[in-house]
Amino acid sequence: NDYRIKFGKWAYRYYLGDHADAFEPDDSFGQATDLIPGVSQEHSIWPAGDQDWWRLDLAAAATVVLETSGVPGGDTQMWLYNSSLQQIAFNDDHSSGTRYSRITRQLSAGTYYVRVECYYEDMVISSYTLNASATGATSVSHALAAGWNLVSVPIVPCHTNPAYVLQSIEGKYEVVQ
């Protein structure tokens, strides 16, 4: 399913089959995946032209760092929007030597959206990670029932059964979709 073709100094990677990530569909702000600072999410840009969206809810002002990383040859672009979907930041290549993206921004409490796409509209990225940190925020805004704590558990692609992933957690828990 994974083919590499080399032309001179350029190598291209082609995929046959489905490489959609576990968070799909997340192709618009209305389908955005919750973004929790400190919890990495592995995504893919598949098929070509795919885009991934996240929703970040800050309960307090914070310095937020959003950064993509991933497979060699990946090239992301990242946008940050406010709750009215007005663009407040953009990044293509955050430093020389990498084609992944990074945005650092002081944000006030509120709702924000993040969008990531591949720079080349006709290419895919088999795997990339979005990391987020929020310095200065006392909490992330999530409504929880009394006595409950929010735990985000990344699902390993080969183990998508929640019972398998959660078997090592002791105590009372509930899977919320």
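These numbers come from a predicted model, not from an experiment.
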Open item on the list: Within this structure, what is the OG-CD1 distance for the pair Ser44 and Ile125, rounded to the nearest 0.5 Å?
Closed with: 9.0 Å

Open item on the list: Membership question, hydrophobic clusters at under 4.5 Å side-chain separation (ILVMFWY): are Met78 and Leu107 in the same one?
Closed with: yes

Task: Candidate pair Thr104 and Val64, rule side chain to side chain contact (heavy atoms under 4.5 Å, CB included), full reasoning - done: CA-CA 6 Å; Thr104 303; Val64 174; over 6 Å; no

- [ ] Heavy atoms only: give me the nearest Arg102-Asn91 pair and the separation to one decimal.
- [x] N-OD1, 3.0 Å

Task: Evaluation steps, side chain to side chain contact (heavy atoms under 4.5 Å, CB included), between Leu56 and Thr111 - done: CA-CA 6 Å; Leu56 173 64; Thr111 298; over 6 Å; no

Open item on the list: Test of understanding: with salt bridge (charged side-chain N to carboxylate O under 4.0 Å, His left out), list the residues that count as partners of Asp75, not counting sequence neighbours.
Closed with: Arg99

Open item on the list: List the residues meeting side chain to side chain donor-acceptor pair (under 3.5 Å) with Thr76, not counting sequence neighbours, and say none if there are none.
Closed with: Thr68, Ser101

Task: Partner set under side chain to side chain contact (heavy atoms under 4.5 Å, CB included) for Thr98, not counting sequence neighbours - done: His94, Ser95, Tyr100

TODO: Using the side chain to side chain contact (heavy atoms under 4.5 Å, CB included) rule, take Leu35 and Leu130 through it: C-alpha gap first, then chi angles, then the decisive distance, then the call.
DONE: CA-CA 9 Å; Leu35 180 59; Leu130 176 66; 3.8 Å; yes

Open item on the list: My understanding is that only residues two or more places apart in sequence, or in another chain, count here; which of them pass side chain to side chain donor-acceptor pair (under 3.5 Å) with Trp79?
Closed with: none

Task: For the student: nearest non-hydrogen atoms of Ile88 and Arg105, plus distance - done: O-NH2, 2.8 Å

TODO: Return each pair, listed once, that meets salt bridge (Lys or Arg N to Asp or Glu O under 4.0 Å) where at least one residue sits in residues 84-94; pairs must be two or more places apart or across chains.
DONE: none

Task: Residues that Ser133 engages under side chain to side chain contact (heavy atoms under 4.5 Å, CB included), provided they are two or more places apart - done: Val65

TODO: Identify which one of Trp54, Trp53, Phe90 satisfies the ring pair (Phe, Tyr, Trp, His ring centres under 6.0 Å) criterion when paired with Tyr81.
DONE: Trp53

TODO: Is it possible for you to say whether Val116 and Tyr113 belong to one hydrophobic cluster, with membership spreading through side-chain heavy-atom contacts below 4.5 Å?
DONE: no

- [ ] For the pair Asp26 (side chain) and Ala32 (backbone), establish whether a donor and an acceptor sit closer than 3.5 Å, ignoring hydrogens and angles.
- [x] no

Open item on the list: As an exercise, state the distance from CH2 of Trp46 to SG of Cys118, rounded to the nearest 0.5 Å.
Closed with: 12.0 Å

- [ ] Take Asn131 and Val39 through the test side chain to side chain contact (heavy atoms under 4.5 Å, CB included) and record every step on the way to the result.
- [x] CA-CA 7 Å; Asn131 291 300; Val39 178; over 6 Å; no

Task: Residues that Gln86 engages under side chain to side chain donor-acceptor pair (under 3.5 Å), provided they are two or more places apart - done: Asn82

Task: Over all atoms of both residues, closest heavy-atom pair of Met123 and Ile45 - done: O-CG2, 4.4 Å

TODO: Indicate whether any N or O donor in one side chain lies under 3.5 Å from an N or O acceptor in the other, for Glu42 and Thr129.
DONE: no

Task: Nearest atoms (heavy-atom pairs only) where Leu58 meets Ala134 - done: CD2-CB, 4.3 Å

Open item on the list: My understanding is that only residues two or more places apart in sequence, or in another chain, count here; which of them pass ring pair (Phe, Tyr, Trp, His ring centres under 6.0 Å) with Tyr119?
Closed with: none

Open item on the list: Per the salt bridge (Lys or Arg N to Asp or Glu O under 4.0 Å) rule, what does the pair list look like for residues 107-135, sequence neighbours excluded?
Closed with: Arg115-Glu117

- [ ] Return the set of residues passing side chain to side chain donor-acceptor pair (under 3.5 Å) with Ser108 (not counting sequence neighbours), or none when no residue passes.
- [x] Tyr112

